[in-house]
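Indexing begins at 1, ligand by ligand and atom by atom, following the structure's order.
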Amino acid sequence: MAGTEEVIGSEAPSLAEAFAASPVPSCVVDMDGPGGCSVIAASDSLGALLDRPAPALSGLRLDAILAPAPGRPALRAAPDFDRAQGSVWVVEVRDGARVTVELQIARVGASTRNLRVVQLVDVTARETAQRSLRDAVARLQDIIDNCAALVFVKDLDGRYMLVNRYFEQRFGLLVADILGRTDEDLFPPEAAADYRAHDRDVLETAQPLEVEERAGEVGRTWLSIKFPLLDDRGRPYALGGISTDITGRLQMEAAAREARDEAERASRAKSEFLSRMSHELRTPLNAILGFGQLLELDDLPGGSAESVDGILAAGHHLLALINEVLDMSRIEAGALSVSPTPIPVCEPLQEALELIRPLALERDIELAADLHGGLFTHVLADPQGLRQALLNLLGNAVKYTPGGGAVRVVVRPRKAGFVRILIVDTGPGLTEDEQRQIFVPFERLSATSAQTPGTGLGLSVARSLVEAMNGRLGVQHSAPGDGSAFYVDLQAAAAPEVTANVGGEPAATPDDAPLGHVRVLYIEDNPSNLSVVRRILERAGDVEVTAAERGELGIELAARARPDLVLLDLNLPDVDGVAVLRALGEDPDTSAIPVIVLSADATPGRKRELIDEGAYAYITKPLDIPSFLGTVRRSLKVAS
Ligand code: ADP
């Protein structure tokens, strides 16, 4: 102690004073005091902590001050107390508040008395922090344990460091059996090699990886997200992973794909069937309508003329039905070629109006059009498709409006870059329920359609056509007794650049002028078709028709006789009509002869193909006599 005195001199405090002033709450305990460890001296800081004067603490047993921390044993006799170094206790302080302390214990003095100096270090903050950390870890464990996916962490050698309960359950193992093991220890070699290759990838690139992993369990597929756990310097020290069993989802997707393929196959089969059917139906219909039209031209007595009218009306109805069924099946199969281009909105509208005018006149319906809102306006549409859709709407308006009524067409711009064509009639009008029904194929309302011919397909076809142009078709307004207003909305488009029309259409020849001497070769194997066409042509002028029932014969006759015109059927018994067309085009002796294809195949793709191959025109059966003769006349004019 001499050294200390030299440094702090005579002002040096006594040991008791120094102890009393210790900033860390402390006490001296006599291990052999009455009843066990008793306090014999306490620092002022301990008095302050316990809110009592320090001297008043003398004589108290230590377990009267220290309460055991939750889950810890109580303080007992001396041997126990010596092991209490670093242990944690709770001290009740002012106002019943509690402070957590850690005991620092040292033996003091060499005297016969068994004394300890005990410091109560406040560790409340540390304990609180540790408790919340423990809670957080427990919560995290709860989360990963309740997760319906494998959650795991592996060290750099691929040994499992952490797995969740799901991992245990899925593989029927205990955590203890998994931790420290590798995939090679747990799974079949092929699967383990796969997992390890993916792990290596993640650790080498230090990038996460999403990968499908198979096997492990036969036939199961896992979607694994594997990611590196990086240290402060960005180097991987472990690998984390979450693997979800996607076997069920993949099976569902495969089943959905199969169902969709099956539905598409069925839909294609249906469309093909309808296409073939309508093709087959057109051929006999050509004879019915052809001969019917020929009879109509003859001067028949009253009763017979009526019968012919009946045949023609029924034939036309059947033709409309076939056409619309075919359109519908093509639309459903996605095979209807609609190519929207910018076109002046009024053009197809005017064409449709012209075509419908005779029917309006016949039915005494006033037909008015206000196209001002559409002048100089272009829309994105397919001209034929739009004309067809408008014809269906106008046809309905005229058909279903009683005589003396009116049909009005208005064009006006609409919001969001659309142009609206409105077809308004003063007809019977529709209830809200009916407005929904009428777009269902084959749906005809008994109230309006009992006396009116129709197929119930017009509106469905029209709507599908307009939708294929990214437009919309629907009912704007209709109510019983208040007429109907159907709309077609089309996207407005910029006008295309104008190009000069070189050459232009040849001048039309009047359709009723008799044909001069013309030699026609008709390559066709169906006798009734042959007979209809022969009679139509012979009535129209001095026409000599030679027939070839087979393609090869047709090519030979054309080269030998050099006719003025070749009429060609496509369905021939020996070669395809396309091959005949090609052969005629390639032979210099026949290449200049115009060829008109007469076919029951009404698909637009087929038509385009034959025109591209050099056909002058493509006419679908059944023939409409005036337009057939018009085409024949134009082809002869071009050839001469
Ligand atoms: P279709 O006219 O050949 O019967 P649509 O599909 O064109 O077939 O029309 C379906 C039904 O909707 C018609 O049968 C008719 O009952 C009703 N309908 C269509 N347009 C009108 C209209 N402008 N006014 C009243 N009813 C109509």
Exactly one of N396, T426, V398, V424 should register a side chain to side chain contact (heavy atoms under 4.5 Å, CB included) with V407. Which one does?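 The option that passes is V398.
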
Check: H477/D482 side-chain N/O donor and acceptor closer than 3.5 Å: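 The criterion, which ignores hydrogens and geometry beyond distance, is satisfied for D482 and H477.
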
Any donor-acceptor N/O pair, Q293 side chain to L289 backbone, under 3.5 Å: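 Yes.
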
Under the side chain to side chain donor-acceptor pair (under 3.5 Å) rule, collect the residues that match up with R535, sequence neighbours excluded.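 Here no residue qualifies.
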
Could you go through ligand 1 and note, for every N or O atom, any protein N or O atom closer than 3.5 angstrom, writing the atom names and distance to 0.1 Å, or 'none'?
unit_1, atom_1, unit_2, atom_2, d
ligand 1, 2 (O), N396, OD1, 3.1
ligand 1, 2 (O), K399, NZ, 3.1
ligand 1, 2 (O), Y400, OH, 2.7
ligand 1, 3 (O), T455, N, 2.7
ligand 1, 3 (O), G456, N, 3.0
ligand 1, 4 (O), Y400, OH, 3.1
ligand 1, 4 (O), R444, NE, 2.5
ligand 1, 4 (O), R444, NH2, 3.2
ligand 1, 4 (O), G456, N, 3.2
ligand 1, 6 (O), G458, N, 3.2
ligand 1, 6 (O), L459, N, 2.8
ligand 1, 7 (O), N396, OD1, 3.3
ligand 1, 7 (O), N396, ND2, 2.8
ligand 1, 7 (O), L459, N, 3.2
ligand 1, 8 (O), G456, N, 3.2
ligand 1, 14 (O), Y400, OH, 3.2
ligand 1, 14 (O), R444, NE, 3.4
ligand 1, 16 (O), L445, N, 3.2
ligand 1, 16 (O), T448, OG1, 2.5
ligand 1, 20 (N), N396, ND2, 3.4
ligand 1, 23 (N), D425, OD2, 2.8

If a pair satisfies salt bridge (charged side-chain N to carboxylate O under 4.0 Å, His left out) and one of its residues is in residues 431-457, list it, with sequence neighbours excluded.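 Salt bridge (charged side-chain N to carboxylate O under 4.0 Å, His left out) check on residues 431-457 returns D433-R436.
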
With side chain to side chain donor-acceptor pair (under 3.5 Å) as the rule and sequence neighbours excluded, what pairs involving residues 570-590 come up?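 Qualifying pairs: R562-D589, R582-E613.
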
